[in-house]
Amino acid sequence: MTRGVPTSAKKPAESGKRGARTKSETAGIAAAPPVPAPARRRKVKSPPRHARSGAGASSTPEQAPKYKKGDYVVHIQHGVAHISDIQTKSDFGETQEYFILNFPTEEMVISVPTNKTLYTIRPLINKTEAARVVQKLKEDPQESGANWSRWYKVLQEKMYSGDIFQVAEVVRDLNYSNQTKGISPALKKMLNRARDALITEVRFSLGLDATAAENKINRALPTFEPIARKK
C-alpha cells in the first residue's frame, strides 16, 4: 500500500506558491504610473472693496468705469478730485496715459495712470446715494464695547475701504462716543478726517458750497447726553 504524503510536506510548496503570487501582484502595483497631483489653481487678485460693493461700484468689477476730462472722482486715499487734464508721458521708453487730478480742498495735484484706475479712484456718488449717506448718520450707532483695540481696527478698515457709506458709519459711531463718553486724541483726529471726507463728497455730489454741506451733515447727526460715570 502506497503511503500518502504527509500534509505537513505539502504546505511549504503551497506557501511558496502563494508567496510568489503575492510578490507578482505587488510588483504589478509598483509598476503602475503615479497619479499626477492636481494642478494648483492660480490665485486671482480680487478687486478692492470699493470696486466690489458700495458707492461707485462698477457693474463688472474687473473693469474700471470710464472717466473723461472734467469728471469729479474720488481718490481712495486723498478724497474728491477733479480730472483737469489727460496727458501722455514717456518714461523709460514706454508711453503711458495719465489722468491729472486736482483736489479742490487741498493744494495738491497728482497723476494716475488711466489703466490703473480700478485700484485708485472711483466715481463720485450721485444725489440718491448722497441722500442715503446722510440717512446713514441717523441710524443707531455701534459702540466700542470691551475690546477697544478691535473696535479701533474696524474703524481704520472702514476709513481706508474707499466706501463713503462706511466712512459715514465712522462719523456716526465716533460722534456718539465723543458726546457720551469722550474719545482719545487719535480718535478725534479720525473723526475730523471722516467728517471732512463726508462733507466734501456730499458737497460736490449735490452741488452745494462748503458751509451748506457741513450744515447738512451737522443737522443729520443726532445729539446725545453724556453718560454719567460710575463713582
Side-chain angles (χ1 to χ4, degrees), residues 43-137 156-172 190 192-217 220:
K43 188 175 180 180
V44 179
K45 186 177 181 181
S46 300
R49 188 181 306 174
H50 72 269
R52 299 194 300 266
S53 61
S58 171
S59 57
T60 54
E62 294 80 7
Q63 294 181 349
K66 300 296 184 181
Y67 302 107
K68 63 183 183 300
K69 181 179 177 179
D71 286 347
Y72 277 94
V73 295
V74 180
H75 191 280
I76 303 310
Q77 294 182 347
H78 304 295
V80 176
H82 177 247
I83 301 179
S84 61
D85 199 5
I86 302 175
Q87 298 179 0
T88 301
K89 302 179 182 180
S90 296
D91 293 323
F92 303 103
E94 294 185 0
T95 301
Q96 175 66 57
E97 192 177 57
Y98 291 87
F99 288 128
I100 307 302
L101 304 183
N102 281 266
F103 294 84
T105 59
E106 303 178 33
E107 293 183 0
M108 180 171 62
V109 178
I110 64 174
S111 55
V112 174
T114 57
N115 61 350
K116 300 276 182 71
T117 58
L118 180 62
Y119 296 91
T120 51
I121 61 178
R122 63 168 174 80
L124 189 71
I125 57 174
N126 57 38
K127 293 183 178 181
T128 301
E129 291 171 326
R132 287 171 50 206
V133 166
V134 174
Q135 188 63 34
K136 177 71 70 174
L137 300 175
Q156 280 189 315
E157 290 175 351
K158 288 182 177 182
M159 282 295 298
Y160 293 107
S161 66
D163 186 343
I164 194 62
F165 290 96
Q166 294 194 38
V167 175
E169 291 175 0
V170 173
V171 174
R172 178 198 66 195
M190 184 185 295
N192 290 334
R193 286 183 55 227
R195 276 177 55 87
D196 289 344
L198 194 62
I199 291 170
T200 303
E201 186 151 4
V202 168
R203 168 190 170 186
F204 284 96
S205 65
L206 297 180
L208 304 174
D209 59 38
T211 302
E214 184 174 6
N215 290 338
K216 190 174 188 66
I217 297 302

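Atoms considered below: every heavy atom in the structure, side chains included; atoms not considered: hydrogens, waters and symmetry mates.
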_Partners passing side-chain contact (heavy atoms from CB on, under 4.5 Å) against T211 (at least two apart in sequence or in another chain)_ = D209, N215
_side chain to side chain donor-acceptor pair (under 3.5 Å) pairs, two or more places apart, involving residues 100-116_ = S84-N102, Q96-N115, E97-T114
*Which atoms form the tightest heavy-atom contact between A210 and I199, and what is the distance?*
O-CG2, 4.2 Å
*List in chain and number order the residues that pass salt bridge (charged side-chain N to carboxylate O under 4.0 Å, His left out) with K216, two or more places apart in sequence or in another chain; answer none if no residue qualifies.*
none
*asked:* Run the side-chain hydrogen bond (donor to acceptor under 3.5 Å, both in side chains) test against D196 and tell me which residues pass, sequence neighbours left out.
replied: none
*Distance from K69 atom NZ to F99 atom CZ, nearest 0.5 Å?*
12.0 Å
*Do you know which two heavy atoms are closest between A220 and V134, and how far apart they sit?*
CB-CG1, 3.5 Å
*Could you tell me the separation between the NE2 atom of H78 and the CE atom of M108, rounded to the nearest 0.5 Å?*
4.5 Å
*Looking at residues at least two apart in the chain, or sitting in another chain, which of them share a side-chain contact (heavy atoms from CB on, under 4.5 Å) with Y72?*
V80, H82, L124, F204
*Can you name the residues that form a salt bridge (charged side-chain N to carboxylate O under 4.0 Å, His left out) with K68, not counting sequence neighbours?*
D71
*List for me each residue that meets side-chain hydrogen bond (donor to acceptor under 3.5 Å, both in side chains) alongside R203, sequence neighbours excluded, and say none if there are none.*
none
*Minimum heavy-atom distance between A197 and V167, given as atom pair plus value*: CB-CG1, 4.4 Å
*Taking I164 as the fixed residue, which of E201, R132, E129 is the one that meets the side-chain contact (heavy atoms from CB on, under 4.5 Å) rule?*
E201
*Of all residues at least two apart in sequence or in a different chain, which pass the salt bridge (charged side-chain N to carboxylate O under 4.0 Å, His left out) check with R195?*
E214
_Contacts of type side-chain contact (heavy atoms from CB on, under 4.5 Å), residue A130, not counting sequence neighbours_ = I125, S205, L206
*Considering residues at least two apart in sequence or located in another chain, which fulfil the side-chain contact (heavy atoms from CB on, under 4.5 Å) criterion with A168?*
V133, K136, L137, L198
_Testing the basics here: between F103 and G79, what is the closest heavy-atom pair and its distance to 0.1 Å?_
CE2-O, 3.6 Å
*Over all heavy atoms of both residues, which pair between R122 and G162 is shortest? Give the atoms and the distance, please.*
NE-O, 2.6 Å
*With a 4.5 Å heavy-atom cut-off, do L101 and I121 have their side chains touching?*
yes
